[in-house]
Amino acid sequence: GAGVSQSPRYKVAKRGQDVALRCDPISGHVSLFWYQQALGQGPEFLTYFQNEAQLDKSGLPSDRFFAERPEGSVSTLKIQRTQQEDSAVYLCASSLGDRASYNEQFFGPGTRLTVL
Amino acid sequence: SQQGEEDPQALSIQEGENATMNCSYKTSINNLQWYRQNSGRGLVHLILIRSNEREKHSGRLRVTLDTSKKSSSLLITASRAADTASYFCATRDSNYQLIWGAGTKLIIKP
């Protein structure tokens with residue numbers, strides 16, 4: 001079946017521009033996670049949704065970052081007034097149960113954001 | 001912040017040899033997971049070991065966990081070119097977040 005998809009795969013933005021990154025999780029998956037991965041590093045947690053509820057946004061680095069999942073399926077990560085330090089790969093993952101379940105997370109291919 | 005630290009940072013071996021990667025973590029855990037990341041398939045879950053387990057096998061993978069030393073190792077036997085990737089360990093914190101190490105970059109030479 002279809003896995004997690006993300007779009008766009010690559011995004012180049014000028015500093016100060018707003019961007020929107022999309023994630024299509026596996027159908028029926030309750031949990032959705034966003035991660036930020038800098039070059040040569042492991043992913044760092046940004047935010048977590050259980051269905052449409054954003055239960056944890058403790059990893060969002062600033063108020064320029066905003067995420068939503070209004071109908072409990074597709075999610076969008078928006079970054080306002082992008083800065084060079086926002087350049088990274090943004091990964092989305094989904095899992096079947098809630099985050100307390102020991103369910104495997106399935107990752108999308110990521111969106112590589114480059115801010116010039 | 002990153003909880004796990006993988007060791008070595010990079011490893012280059014000949015095809016057919018075994019590869020061993022280590023992970024150390026800081027806080028108590030419920031489970032520890034290993035993931036592989038390459039450009040072709042992205043980040044893929046390999047194996048999960050629970051805190052009450054000491055060793056687990058999956059195909060050519062063997063994972064050990066030593067909670068007293070807060071460390072885990074991943075052994076890949078009979079390596080193949082397709083094993084070339086970065087390998088990450090991840091642990092859950094008390095908020096159920098996955099905390100990741102910086103990864104080991106494994107290169108399998110033909």
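When reading the values below, keep in mind they use all heavy atoms of this one structure, side chains included, and skip hydrogens, waters and symmetry mates. Convention: sequence-line order gives letters A, B, ...; per-chain numbering from 1.
Per-residue heavy-atom pair counts under 4.5 Å with chain B were compared for F33(A), F45(A), Y48(A), and the maximum is reached by F45(A).
Neither L113(A) nor V4(A) shares a network with the other; the hydrophobic side chains, linked directly or stepwise wherever heavy atoms of I, L, V, M, F, W or Y lie under 4.5 Å apart, form separate groups for each. Y90(A) and L98(B) sit in two unconnected hydrophobic clusters of ILVMFWY residues. Membership requires side-chain heavy atoms under 4.5 Å apart, directly or through other members. Following chains of ILVMFWY side-chain contacts shorter than 4.5 Å, one can reach I108(B) starting from L74(B), so the two form part of one hydrophobic cluster. V115(A) and L77(A) fall within the same hydrophobic cluster, where Ile, Leu, Val, Met, Phe, Trp and Tyr residues are linked whenever their side-chain heavy atoms come under 4.5 Å apart, directly or through other members. Note: the hydrophobic cluster containing L32(A) does not contain F106(A) (ILVMFWY, side chain heavy atoms under 4.5 Å, direct or indirect links).
Using non-hydrogen atoms only and a strict 4.5 Å limit, the part of residues 42-67 of chain B facing chain A consists of L43(B), H45(B), R50(B).
In terms of heavy atoms, Q41(A) sits closest to A102(B) at OE1-CB, 3.9 Å.
In this structure, the portion of L91(A) lying under 4.5 Å from any heavy atom of chain B is its side chain and not its backbone. Neither the backbone nor the side chain of Q33(B) comes within less than 4.5 Å of any heavy atom of chain A. Proximity to chain B is limited to the side chain of Q37(A), based on heavy atoms less than 4.5 angstrom apart. Looking at S31(A), there are no atoms closer than 4.5 Å to chain B (heavy atoms on both sides), in backbone or side chain.
In this structure, L116(A) places its CG atom where more than 12 heavy-atom neighbours from other residues, nucleotides or ligands lie under 6.0 Å away. Surrounding CD of E68(A) are more than 12 heavy atoms belonging to other residues, nucleotides or ligands, all under 6.0 Å away. When the shell of 6.0 Å around CZ of R15(A) is examined, it contains 12 or fewer heavy atoms from other residues, nucleotides or ligands.
Taking 4.5 Å as the limit, every side-chain heavy atom of Q97(B) sits out of range of all side-chain heavy atoms of Y35(A).
For the atom pair Y96(B) OH and D98(A) CG, the distance stands at 8.0 Å (nearest 0.5 Å).
Side-chain rings of Y35(B) and F107(A) approach one another, their centers coming within less than 6.0 Å.
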